[in-house]
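Read the structure below first, then the notes.
Along the sequence shown, residues carry numbers from 1. The figures that follow rest on heavy atoms only: side chains count, while hydrogens, waters and symmetry mates do not.
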Amino acid sequence: MTRISVEQSMRSNVSLPIVLGAALACLAGNAAAEVKALSRANCIGFINESVTYERPQFRNFQGSAVTRHVPLGNIEPKHAFGARNNGLYSWRFYAGDGSDPERMVVHGYHTWVLGGRVFTQSTSAVDCQLSEW
């Protein structure tokens with residue numbers, strides 16, 4: 001083998017891990033895009049919630065959703081809820097309630113695991129955000 005062919009061979013072997021790593025990062029990003037997170041506040045006047053979900057295919061994933069409800073004008077939360085299935089596998093993680101007569105700011109914290117990677121997202125809402133569904 002000539003010196004030139006050895007150098008070319010080494011270059012192609014070095015670039016292969018880089019190409020594979022980039023491809024894996026792209027695939028993980030596409031997988032993460034299928035899971036969505038949202039918070040909604042004051043729907044029908046009293047429903048406040050944070051949801052982590054996978055649609056339209058309804059595939060199960062490991063995840064969680066936590067929601068904090070803060071009355072407008074306050075800095076301390078009135079209460080917080082976690083989804084009953086946090087840490088398990090499901091297509092949907094719902095944390096919320098329908099017991100708040102006052103207007104709320106809703107803060108959500110969402111996690112999910114895909115392809116061995118952990119993703120997190122924070123959400124916030126002061127309205128129903130119906131366009132998210």
Side-chain angles (χ1 to χ4, degrees):
M1 195 175 237
T2 68
R3 179 177 176 198
I4 294 172
S5 62
V6 170
E7 287 175 358
Q8 288 173 342
S9 174
M10 287 177 64
R11 270 190 247 140
S12 65
N13 288 340
V14 170
S15 62
L16 182 62
I18 294 169
V19 171
L20 290 176
L24 183 60
C26 290
L27 290 174
N30 290 340
E34 297 167 2
V35 175
K36 298 174 181 75
L38 69 85
S39 289
R40 301 190 313 165
N42 310 302
C43 294
I44 316 173
F46 56 89
I47 297 173
N48 300 293
E49 59 194 11
S50 295
V51 185
T52 311
Y53 64 100
E54 198 286 334
R55 283 193 1 194
Q57 296 166 341
F58 304 102
R59 288 183 288 198
N60 287 341
F61 63 93
Q62 188 176 18
S64 70
V66 176
T67 189
R68 286 184 310 121
H69 302 165
V70 181
L72 283 178
N74 291 1
I75 57 171
E76 294 295 322
K78 178 179 179 181
H79 48 231
F81 301 98
R84 291 183 181 186
N85 57 342
N86 276 351
L88 302 176
Y89 287 83
S90 180
W91 69 272
R92 182 176 181 260
F93 297 86
Y94 173 87
D97 74 326
S99 66
D100 300 320
E102 65 268 58
R103 292 192 53 79
M104 294 284 175
V105 177
V106 175
H107 301 282
Y109 184 72
H110 314 265
T111 64
W112 62 95
V113 179
L114 290 174
R117 292 184 57 201
V118 177
F119 299 87
T120 63
Q121 183 176 348
S122 294
T123 55
S124 187
V126 294
D127 63 21
C128 200
Q129 298 194 42
L130 288 176
S131 64
E132 293 293 320
W133 285 96

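- Take Ile44 and apply the side-chain contact (heavy atoms from CB on, under 4.5 Å) test, not counting sequence neighbours, and it matches Phe46, Ile47.
- Side chains of Gln121 and Trp112 form a contact here, defined as non-hydrogen atoms less than 4.5 Å apart.
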Using a 3.5 Å cut-off and no angle test, enumerate the donor-acceptor pairs between side-chain atoms of residues 102-109 and protein atoms at least two apart in sequence or in another chain.
| residue | atom | partner | partner atom | Å |
| --- | --- | --- | --- | --- |
| Glu102 | OE1 | Lys78 | NZ | 3.2 |
| Arg103 | NH2 | Val126 | O | 3.4 |
| His107 | ND1 | Ser124 | OG | 3.4 |

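- If you take OH on Tyr53 and CZ on Phe93, they are separated by 14.0 Å, rounding to the nearest 0.5 Å.
- Here Asp127 contributes atom CG and Asn42 contributes atom CG; the two are 8.0 Å apart, rounded to the nearest 0.5 Å.
- In this structure, Leu88 CG and Ser64 OG are separated by 10.5 Å, a value rounded to the nearest 0.5 Å.
- Contact record, Ala41 with Asn48: CA-OD1, 3.3 Å, taken as the closest heavy-atom pair.
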Applying side-chain contact (heavy atoms from CB on, under 4.5 Å) to Glu49 and Phe81, what does each step give before you reach the verdict?
CA-CA 9 Å; Glu49 59 194 11; Phe81 301 98; over 6 Å; no
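- For the residue pair Ser50 / His110, no side-chain donor-acceptor distance below 3.5 Å is found, with atom types taken as modelled.
- With contacts defined as side-chain heavy-atom distances shorter than 4.5 Å, the pair Asp97/Thr67 does not qualify.
- Shown here for Asn86 and Ala65, the closest heavy-atom pair between the two residues is OD1-N, 2.9 Å.
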Just do the side chain to side chain donor-acceptor pair (under 3.5 Å) check on His69 and Asp100 with the steps written out, would you?
CA-CA 9 Å; His69 302 165; Asp100 300 320; 3.2 Å; yes
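- Applying the side-chain contact (heavy atoms from CB on, under 4.5 Å) test to Asn74 and every residue at least two apart in sequence or in another chain returns Val70, Pro71.
- Between Thr52 and Val35 the shortest side-chain heavy-atom distance falls below 4.5 Å.
- Lys36 NZ to Arg92 CZ: the interatomic distance, rounded to the nearest 0.5 Å, is 14.0 Å.
- The two residues Glu54 and Phe58 make their nearest non-hydrogen contact at OE1-N, 2.7 Å.
- A donor-acceptor pair under 3.5 Å is formed between the side chain of Gln62 and the backbone N or O of Gly87.
- The two residues Ser39 and Thr123 come nearest to each other via the heavy atoms OG-OG1, 2.5 Å.
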